[in-house]
Every structure is written in structure tokens, then in C-alpha cells.
A.B. asks: 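Structure below; questions to follow.
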Protein chains: 2
Amino acid sequence: MAVTLRDVALAAGVSPATASRALDPDASAAPRTRDIVRQAAEDLGYAGNSAARSLRTSRTDTIGLLLPDVRNAFFTDLAYAVDKAAAEAGRTVMIGNADEDCHAQDRYLNTLAKHQVDGLLVVPQGGASVTLRKVVAANPTVSIDRDAGLGVPVIASDSAGGMGELVDHIVALGHRRIAIVAGPQSTSTGRERLRAVAVRLSQHGIGLGSEYLVEGDFQLASGIAAAQQLLGLSTPPEAIIAADALMALGVLTVMRRRGVRIGEDVGIAAVDDTPWFEVLDPAVTVVAQDTAQLGEKAVAALLDRIAGEDVDTTPIPTRLVIRRSLGETAPSPSGESPLGSPIDSAPGSLGESPPDAPTDQRNGRATTQPIRLRNPGRTVGESTFTTHNSEETTHG
Amino acid sequence: MAVTLRDVALAAGVSPATASRALDPDASAAPRTRDIVRQAAEDLGYAGNSAARSLRTSRTDTIGLLLPDVRNAFFTDLAYAVDKAAAEAGRTVMIGNADEDCHAQDRYLNTLAKHQVDGLLVVPQGGASVTLRKVVAANPTVSIDRDAGLGVPVIASDSAGGMGELVDHIVALGHRRIAIVAGPQSTSTGRERLRAVAVRLSQHGIGLGSEYLVEGDFQLASGIAAAQQLLGLSTPPEAIIAADALMALGVLTVMRRRGVRIGEDVGIAAVDDTPWFEVLDPAVTVVAQDTAQLGEKAVAALLDRIAGEDVDTTPIPTRLVIRRSLGETAPSPSGESPLGSPIDSAPGSLGESPPDAPTDQRNGRATTQPIRLRNPGRTVGESTFTTHNSEETTHG
DNA sequence: CTGAAAGCGCTTACAG
DNA sequence: CTGAAAGCGCTTACAG
């Protein structure tokens with residue numbers, strides 16, 4: 001059916017062994033032979049058979065990426081970054097969706113194992129299941145975002161630092177009754193973010209009452225349920241921190257339906273940024289994770305791991321993007337952030353082109369230059385990665 | 001290294017052939033033998049080697065899904081649906097991201113070809129490239145959403161119908177100066193949606209001036225550029241239709257920055273729904289596609305195609321979700337849609353549980369019952385699939 | 001630089 | 001019901 005190496009060899013008048021070498025840039029072959037074989041391969045439309053190849057070499061040049069929820073933009077951004085970094089390293093990524101379900105996770109893990117991926121990138125959910133442990137033991141693995149106690153390197157953001165900054169900011173704004181819609185305590189990020197908030201709060205002499213702590217599951221519905229609970233309290237919080245964007249969306253949904261004025265009646269802040277947060281009125285203050293760097297570092301770490309080298313697991317700094325959802329004062333309705341200079345005048349990757357730079361539409365591929373952000377929010381923190389929004393603008 | 005069938009056979013005291021049969025539910029083996037072999041496989045942690053298996057059988061039980069942009073929620077929802085349907089059919093999905101780049105698309109197509117996927121699901125971009133044609137010729141393929149003239153079945157929404165309904169609605173609202181941020185005219189959806197709008201407009205005796213037509217590329221930046229252009233016109237449009245959610249987001253971003261009041265100064269509507277549209281104030285009126293059905297049908301079609309059967313390519317109805325971004329009047333700020341009955345009282349899948357149904361958080365998996373939607377917007381059209389929002393709520 | 005040969009792990013007619 | 005054998009397509013020591 002499909003064209004085999006044998007066919008190519010026959011057409012080129014050489015042995016399959018020579019054809020194989022001629023097609024392998026790292027093998028030795030006479031330049032002349034190389035040309036002939038390549039031509040034959042081209043002519044016949046030879047694609048190769050990766051099953052045969054990997055059966056022989058026990059390598060697949062494929063890495064598996066196990067995600068808890070493909071519909072969560074944070075993971076999608078991560079997948080994007082991983083895919084990009086992997087492609088640059090000549091690896092293909094197989095994305096698996098656990099659908100926030102341990103069963104589905106195990107199922108996918110098994111497929112990946114069968115497929116002999118060279119390595120595994122996992123954002124584990126729940127504890128370390130038996131299947132997870134088994135597969136991890138058999139494959140070079142790096143964990144991203146979450147630490148499930150697998151004994152593998154973990155590439156993650158410095159959640160604690162980010163949450164600390166956020167709490168400082170909220171307290172500085174004068175809020176005292178602060179609630180958190182936490183992530184599932186079965187995840188390290190869920191635990192870590194909650195812990196960091198509680199600790200920093202107590203450093204400010206503020207307690208975290210049990211009625212102000214609701215555990216969600218990082219998905220939309222749990223944010224809705226949590227907001228209903230918090231907003232129904234006889235003394236509702238002044239500010240709500242949501243441990244991810246989806247739960248924040250749930251909270252926002254309830255606020256809107258109940259006519260609660262965001263930033264006035266109750267403030268809200270979230271972990272993870274999305275372009276949507278900037279379009280809301282008021283725009284939502286967030287602790288942004290650097291998904292691009294997370295993805296790059298994870299791939300690099302896995303490659304190191306496969307090569308048997310040490311990996312760098314320094315946490316990646318987050319970035320506090322201050323907008324107006326916590327009642328931050330603003331000089332003008334459509335104006336700039338009152339707290340910092342607009343990005344137009346900031347050093348760095350933006351502000352090169354005029355705000356009205358048109359989109360070049362040939363071939364459906366935009367080559368738009370970066371556009372100045374009039375209301376980007378102020379940035380606090382060490383990192384200098386571009387905002388989600390400017391990134392979208394730049395890469396779009 | 002890894003456990004092979006041979007190891008299992010040895011441990012079970014049978015031949016590899018028998019071991020293979022014992023592990024295959026469809027092969028014949030003595031019940032006793034079956035048990036022993038299964039036990040041995042279990043004990044040794046036998047996973048199988050899919051490379052060897054597919055080399056032998058020339059099947060991989062894998063299907064490839066080629067997406068133009070993993071960061072576009074529409075495609076992500078589609079991927080989710082495809083993955084789910086494929087899993088139910090015992091297939092694993094390899095997701096490839098073309099990153100809106102024909103080069104990346106070709107690269108991925110080649111990997112998929114090498115990996116001997118059983119079939120291909122593609123959302124093509126640009127024209128039918130040589131590589132695309134080649135790979136499509138060599139593999140059972142079904143196109144989703146877009147028709148690139150590949151001569152393969154296309155599973156898509158009835159865009160034209162949806163756009164027609166939307167235009168009727170906009171015109172009924174009294175708008176006459178109507179602009180469109182169209183998708184790239186290199187895609188069938190881009191062309192189709194534009195054409196449907198123009199045609200229906202002209203049926204209402206309304207022309208589509210060239211200054212009111214901007215071509216985007218389905219990505220965020222092009223929506224920003226388009227809005228800058230449209231809003232800078234001496235006579236700006238009364239209503240803007242964006243051909244997808246990302247471009248709508250771009251338009252909304254510019255509106256917000258310029259202080260343009262949505263639905264009052266200028267109305268906006270989009271194709272594709274996302275939970276974010278409902279949280280915006282005013283919530284955005286959309287033509288929603290049924291990604292769940294799109295995914296299911298596509299997988300079914302591919303399976304049929306692989307089996308050599310005929311496939312059903314009836315377009316899937318879209319659904320007009322009327323909210324308030326076009327200046328639809330509303331009786332109360334947080335209230336129900338004025339145009340129809342609230343979903344609470346509508347027949348169908350919603351309204352079973354009390355609005356405050358709590359989230360069950362054991363194991364990080366929410367089991368929340370559907371929550372009544374107070375502001376779901378009225379639904380027009382034939383289809384009865386659940387809204388994006390209620391879906392999230394239900395599945396969350 | 002090139003060819004003949006072995007073998008990766010599996011499945012499946014072919015006998016029995 | 002079971003085993004011995006062949007072979008899927010490729011790569012790579014081993015000779016030459």
C-alpha cells in the first residue's frame with residue numbers, strides 16, 4: 001500500500017541499507033547516492049513508517065502531554081507553549097485530556113505507555129494513582145504546574161510569591177474581609193495558593209474565617225457554587241480571590257446575575273490571565289502565570305531528563321497585573337491605570353508601532369505589529385514576560 | 001527493558017502466540033489459559049508495544065486531529081468533543097496545532113502520516129496545499145468546519161442559516177448601518193458567513209458598503225485592527241458582526257478602550273459562544289455552533305469513511321442566542337431576556353435543580369446539578385442543544 | 001562507502 | 001485450543 005524504504009531502494013538501485021543511510025543526515029553515504037535516493041523518495045512520496053522505525057530504535061521522537069482539562073485556557077496556553085518548544089526540538093506532542101477524571105487520566109496514560117513515547121509531561125490530578133506511578137516509573141517524566149509527589153522534577157510557577165503580592169495589594173486597598181475560592185486541596189497548586197493567602201493574611205493580622213474559604217475544583221461550576229455561598233453570607237466578603245480563571249468566571253457570572261457591582265460592592269481577583277479579563281468592566285486584577293516559560297522549561301527539563309542530566313526546577317515568577325476589579329481607583333473611565341505608567345512608555349517589547357497598525361491579511365495570516373495597550377494595568381514583580389494580551393496581539 | 005509479550009508467555013508457560021490470543025478478547029483461547037496469561041500480564045505490568053502491533057496489523061487505532069489554532073476556544077471545544085467521541089470508539093486522538101501557519105500545518109501532517117494514523121480529521125487552513133492533498137489522498141479523511149475543496153466529506157455548521165437569522169434580528173432592532181469583521185476569505189467559513197450576511201442584508205434592501213467590510217483572520221489582533229478601522233470612520237456602523245469569538249473579543253477590547261458604549265453607541269454580535277460572553281455587560285448576542293455535535297458527527301463520519309461506508313454531511317443547525325449587546329431592550333438590569341421565556345420554564349434539559357445547588361467537591365470533581373440561568377438569552381432556531389454556558393454548568 | 005543479515009515485538013494464517 | 005513460523009518496515013553492527 002504505502003511506499004516503503006524497499007521501494008525507494010529499488011527505484012534508486014541501491015540496497016535498503018544504503019537507502020536508509022542516504023536518508024539519514026547523520027549517517028555516511030556518498031553525496032551522489034544521497035541525491036539519487038532522496039530524489040527517488042521524493043518521487044515516490046515516501047513518508048516512512050514510524051512504527052517500524054520506533055520498533056527498531058525504541059525511540060519515537062514523541063512526547064506525551066497529559067492535561068487535566070483542555071477547556072481551561074491556562075492548560076491550552078501551556079499546551080501551545082509545549083507544542084512549540086517540542087517542535088523546535090524535533091519532537092511531536094501527543095496531547096491527552098484527562099477531562100478532570102482520574103479514570104480518563106489512567107486510560108490515557110496507558111495509551112501513552114503503549115505508544116512508547118520518549119517521555120511524559122504531566123499535569124497530574126488527584127493523588128498519584130497506581131497507574132500514574134507505574135507509567136511514571138517506566139518513562140522519563142516531568143510534572144508541570146502540579147506536584148503529585150511522584151518524585152519527578154516539577155516545573156511550576158512561584159504561586160506563593162504571587163499570592164503574597166496579591167494579598168498585600170488587596171490589604172493596601174483597605175479590604176479586610178477577604179475570601180478565597182480555593183482550588184481542590186488534592187492538588188499542590190490548590191493547597192499552595194490557599195496556604196500562601198492564609199499566611200500572608202495572618203502576617204497582616206487578618207484571619208481567614210472558615211465561612212470565607214470555599215474549595216472549588218478549578219472548573220466553572222464550582223466558581224458559581226462558591227459565589228452563591230459567599231454572596232449569600234450575612235456579612236459577605238469585601239474581596240474574593242479565585243484560584244483560577246474559570247472559577248473567577250463563575251464568580252463573575254453570579255455577581256452579574258445578582259447585580260453585585262464588581263470592585264464596588266465586592267472586589268475580585270484571579271490567578272491566571274486571559275484576554276477576557278481586560279475586556280470586562282472593570283477589568284480584572286490577576287496573578288498571571290508565564291505559560292510560555294512554563295512550557296519551554298518543561299520541555300527542556302524533559303529533554304534533560306531523557307538525556308540523564310540534571311534539571312533546573314527553579315519556580316517561575318508570576319506577575320501581578322493590577323487592573324480595577326478590586327476597587328482600585330481610576331482617573332478616567334477608559335483611561336490608563338492610575339498606578340503605573342502605561343505600557344506605551346514602558347521599556348520592553350511593546351510600543352513600537354502605531355495603535356492603528358493594520359492587519360496584513362494575505363493568506364489569512366496576520367502580521368500585525370504590536371499594538372499599544374491603553375489599559376494594560378500596572379505590573380509588579382520581577383518577571384518581564386509579556387502580558388497575555390500583548391502576547392496575543394504580538395503573535396496574532 | 002520493557003515487558004514484552006514473550007516475557008508474559010514465558011511466565012504463563014505458553015507460547016507467545018497463545019499469550020497474544022489470550023489477551024485478545026476476540027480471539028479464541030481456553031478460559032483457563034486466558035486467566036493465567038492475564039494474571040501474568042498483570043503481574044509483570046505488561047503494557048504492549050503499539051509500534052510492533054501496528055507494524056504487524058497496519059492499524060494504530062489512532063486518529064489525527066489537525067487544528068488551526070489551539071488557543072481559539074471554538075477549536076478547543078471541538079477537540080474536546082472529538083476526543084470524547086473517539087475514546088468511546090476506542091480510538092486515541094493525536095491533536096496537532098497548525099498555529100495558523102501553513103508550514104506548521106504541513107509539518108504536522110507529515111508526522112501524522114508517518115505515524116500511520118487510521119484516519120484524519122482536519123480543519124484546514126489556507127488552500128489545499130500540496131502536502132495536504134498528498135496526505136489526504138493517502139488517508140481516510142474528514143474535514144471539519146471548513147471546506148478546502150479536498151473532495152472529502154465536510155462536517156460543518158449551517159453558517160448561512162445562522163447568519164441569516166442574526167441579520168434578521170439586527171435589522172428588526174432597527175439597525176441599518178451594519179458592518180462585518182469577516183473571517184479570512186481563504187477559508188470557506190470566512191467566505192460563507194460573509195456571503196450569507198451580504199445576501200440577507202440585500203434582501204432587506206440594505207447594502208454592505210465596502211467601508212463596513214473588514215477581513216480578519218479569526219484571531220484576536222485582527223479584531224482589534226478591524227475595530228480601530230470601523231470605529232474611526234466618519235460614520236461608524238450601528239452594529240458590528242464578528243465572524244468568530246476571538247475577533248469579537250478584539251472589537252470589544254477597542255470599544256472598551258475608546259469608551260464606546262456597547263449596545264448603545266454601537267452594537268456587536270459574534271459567531272461562536274463562550275461563557276465569557278454572558279459575563280460581559282451587556283452580554284453578547286451570538287450565533288452559537290454546536291461543537292459537541294460537530295465533534296461527534298465528525299468522528300462518526302471518519303469511522304464510516306474508514307469502513308468505506310457513506311457518510312452523512314447534513315449541516316448542523318446553529319442557534320441564535322439573543323442577549324443584549326445589540327441594544328436589545330431589557331426590563332431590568334439583571335433580569336431576563338425580554339424576548340422570550342426564561343430557560344427556567346422552558347422544556348428540556350435545564351431547570352431541574354435549585355439555583356443554589358452546591359458543588360460536591362470530593363476528589364476535585366464537581367457533580368453540581370444544572371443551575372438555572374437567569375439571563376440565558378432567548379433561543380431562536382431549530383436546534384435544541386444546550387448553551388455553552390449551561391453545558392459548562394452541567395458538565396463542570 | 002555499501003550490502004547481507006539480523007532482529008525490534010507483535011499477530012495470524014497454517015498445521016495439528 | 002495451541003504452537004511454530006513467517007513477516008510487517010526499518011536500522012545498524014558486521015564485513016568487505
Side-chain angles (χ1 to χ4, degrees), chain A residues 1-38 40-41 44-62 110-118 138-139, chain B residues 1-38 40-41 44-62 90 110-111 113-118 138-139:
Chain A
M1 182 70 224
V3 182
T4 72
L5 186 63
R6 204 164 167 281
D7 299 327
V8 175
L10 239 45
V14 297
S15 74
T18 301
S20 176
R21 289 190 199 100
L23 260 17
D24 175 1
D26 297 331
S28 61
R32 178 96 170 265
T33 312
R34 216 175 267 274
D35 287 344
I36 298 174
V37 172
R38 276 187 182 154
L44 296 173
Y46 174 68
N49 179 324
S50 66
R53 174 175 235 269
S54 75
L55 178 57
R56 181 59 232 251
T57 62
S58 60
R59 292 182 51 219
T60 55
D61 290 331
T62 291
N110 278 129
T111 343
L112 288 176
K114 269 209 264 290
H115 278 268
Q116 311 279 110
V117 290
D118 292 344
N139 297 279
Chain B
M1 181 73 223
V3 182
T4 72
L5 187 63
R6 205 165 168 280
D7 300 327
V8 175
L10 239 45
V14 297
S15 73
T18 302
S20 176
R21 289 190 198 98
L23 261 17
D24 175 1
D26 298 331
S28 60
R32 178 99 171 262
T33 312
R34 215 175 267 274
D35 287 344
I36 298 174
V37 173
R38 277 189 182 154
L44 296 173
Y46 175 69
N49 180 323
S50 66
R53 174 175 235 270
S54 73
L55 178 57
R56 180 60 234 248
T57 61
S58 61
R59 291 183 52 217
T60 55
D61 288 331
T62 290
N110 278 129
T111 345
K114 271 208 263 292
H115 278 268
Q116 311 277 114
V117 290
D118 293 344
N139 297 278

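Quick note: numbers below take in every heavy atom, side chains included, and nothing from hydrogens, waters or symmetry partners. Order of the sequence lines sets the chain letters (A, B, ...), proteins ahead of strands, with each chain counted from 1.
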A.B. asks: Taking all heavy atoms of A:Val117 and all of A:Thr60, pick out the closest pair and write down the distance.
C.D. replies: CA-OG1, 3.6 Å
A.B. asks: Between atom CZ in A:Arg6 and atom P in C:dG3, what is the gap in whole Å?
C.D. replies: 14 Å
A.B. asks: Check the distance between D:dT12's P and A:Leu5's CG and give it to me in whole angstrom.
C.D. replies: 12 Å
A.B. asks: Starting at CG of B:Leu55 and ending at C1' of D:dG7, how long is that distance when rounded to a whole Å?
C.D. replies: 9 Å
A.B. asks: By nearest heavy atom, map B:Ser20 and A:Ala29 onto DNA chain C; which one lands nearer the 5' end?
C.D. replies: A:Ala29
A.B. asks: Please tell me if B:Ser28 has a side-chain N or O lying less than 4.0 Å from either OP1 or OP2 of D:dC1.
C.D. replies: yes
A.B. asks: Between N or O atoms, less than 3.5 Å apart, protein on one side and nucleotides 13-16 of chain D on the other: list the pairs.
C.D. replies:
{"unit_1": "D:dA13", "atom_1": "N6", "unit_2": "A:Arg21", "atom_2": "NH2", "d": "2.7"}

A.B. asks: Considering only atom C1', compute the distance from D:dG16 to D:dT12 and round it to an integer number of Å.
C.D. replies: 16 Å
A.B. asks: Return the value, rounded to whole Å, for the distance between atom CG of B:Asp24 and atom P of C:dT12.
C.D. replies: 7 Å
A.B. asks: Counting only side-chain nitrogens and oxygens, does A:Thr33 get under 4.0 Å of the OP1 or OP2 atom of C:dT2?
C.D. replies: yes
A.B. asks: Specify the closest pair of heavy atoms between B:Val3 and B:Tyr46, including all atoms of both residues, with the distance to one decimal.
C.D. replies: O-CD1, 3.4 Å
A.B. asks: Please report the closest heavy-atom contact between A:Leu44 and A:Ala11, naming both atoms and the distance.
C.D. replies: CD1-CB, 4.0 Å
A.B. asks: Return one dot-bracket line describing DNA chain D 5' to 3' (Watson-Crick or G-U wobble pairs, both distances under 3.5 Å; ( ) same strand, [ ] crossing, | another strand, . none).
C.D. replies: |||.||||||||.|||
A.B. asks: Would you mind reading off the distance between B:Ile36 atom CD1 and D:dC1 atom P, rounded to a whole angstrom?
C.D. replies: 14 Å
A.B. asks: To the nearest 0.5 Å, how far apart are CG in A:Asn139 and CG in A:Leu112?
C.D. replies: 8.5 Å
A.B. asks: Taking all non-hydrogen atoms of both residues into account, name the closest pair between A:Ser20 and A:Leu5 and its distance.
C.D. replies: CB-CD2, 3.7 Å
A.B. asks: Roughly how far apart are B:Ser54 OG and A:Leu55 CG, rounded to 0.5 Å?
C.D. replies: 8.5 Å
A.B. asks: Look at all strands and tell whether A:Ser58 reaches a base, only sugar-phosphate, or nothing, counting heavy atoms closer than 4.0 Å.
C.D. replies: nothing
A.B. asks: Which residues, if any, of residues 46-54 of chain B bring a heavy atom under 4.0 Å of DNA chain D?
C.D. replies: none
A.B. asks: Taking the nucleotide of DNA chain C with the nearest heavy atom to each, does A:Pro16 or A:Pro31 sit closer to the 5' end?
C.D. replies: A:Pro31
A.B. asks: Counting just side-chain N and O atoms, does A:Ser15 come under 4.0 Å of either OP1 or OP2 of C:dG3?
C.D. replies: yes
A.B. asks: How close do A:Ala22 and A:Ala29 get, counting heavy atoms only, and between which atoms?
C.D. replies: CA-CB, 4.0 Å
A.B. asks: How many Å lie between CG on A:Asp35 and P on C:dC1, as a whole number?
C.D. replies: 13 Å
A.B. asks: Measuring from A:Arg21:CZ to A:Arg34:CZ, what's the distance to the nearest 0.5 Å?
C.D. replies: 11.0 Å
A.B. asks: Do B:Asn49 and B:Thr4 have side chains that get closer than 4.5 Å, going by heavy atoms?
C.D. replies: no
A.B. asks: Could you check how far CZ of B:Arg59 sits from C1' of C:dC10, rounded to whole Å?
C.D. replies: 14 Å
A.B. asks: Pick out which of A:Thr57, A:Asp61, A:Thr62 makes a side-chain hydrogen bond (donor to acceptor under 3.5 Å, both in side chains) with A:Arg59.
C.D. replies: A:Asp61
A.B. asks: Identify the heavy atoms of A:Leu23 and A:Val37 that sit nearest to each other, and give their distance.
C.D. replies: CD1-CG1, 3.7 Å
A.B. asks: CZ of A:Arg34 versus P of C:dC1: gap in Å, rounded?
C.D. replies: 8 Å
A.B. asks: I'd like to check B:Val14 versus B:Ile36 (side-chain heavy atoms, cut-off strictly below 4.5 Å). Are they in contact?
C.D. replies: no
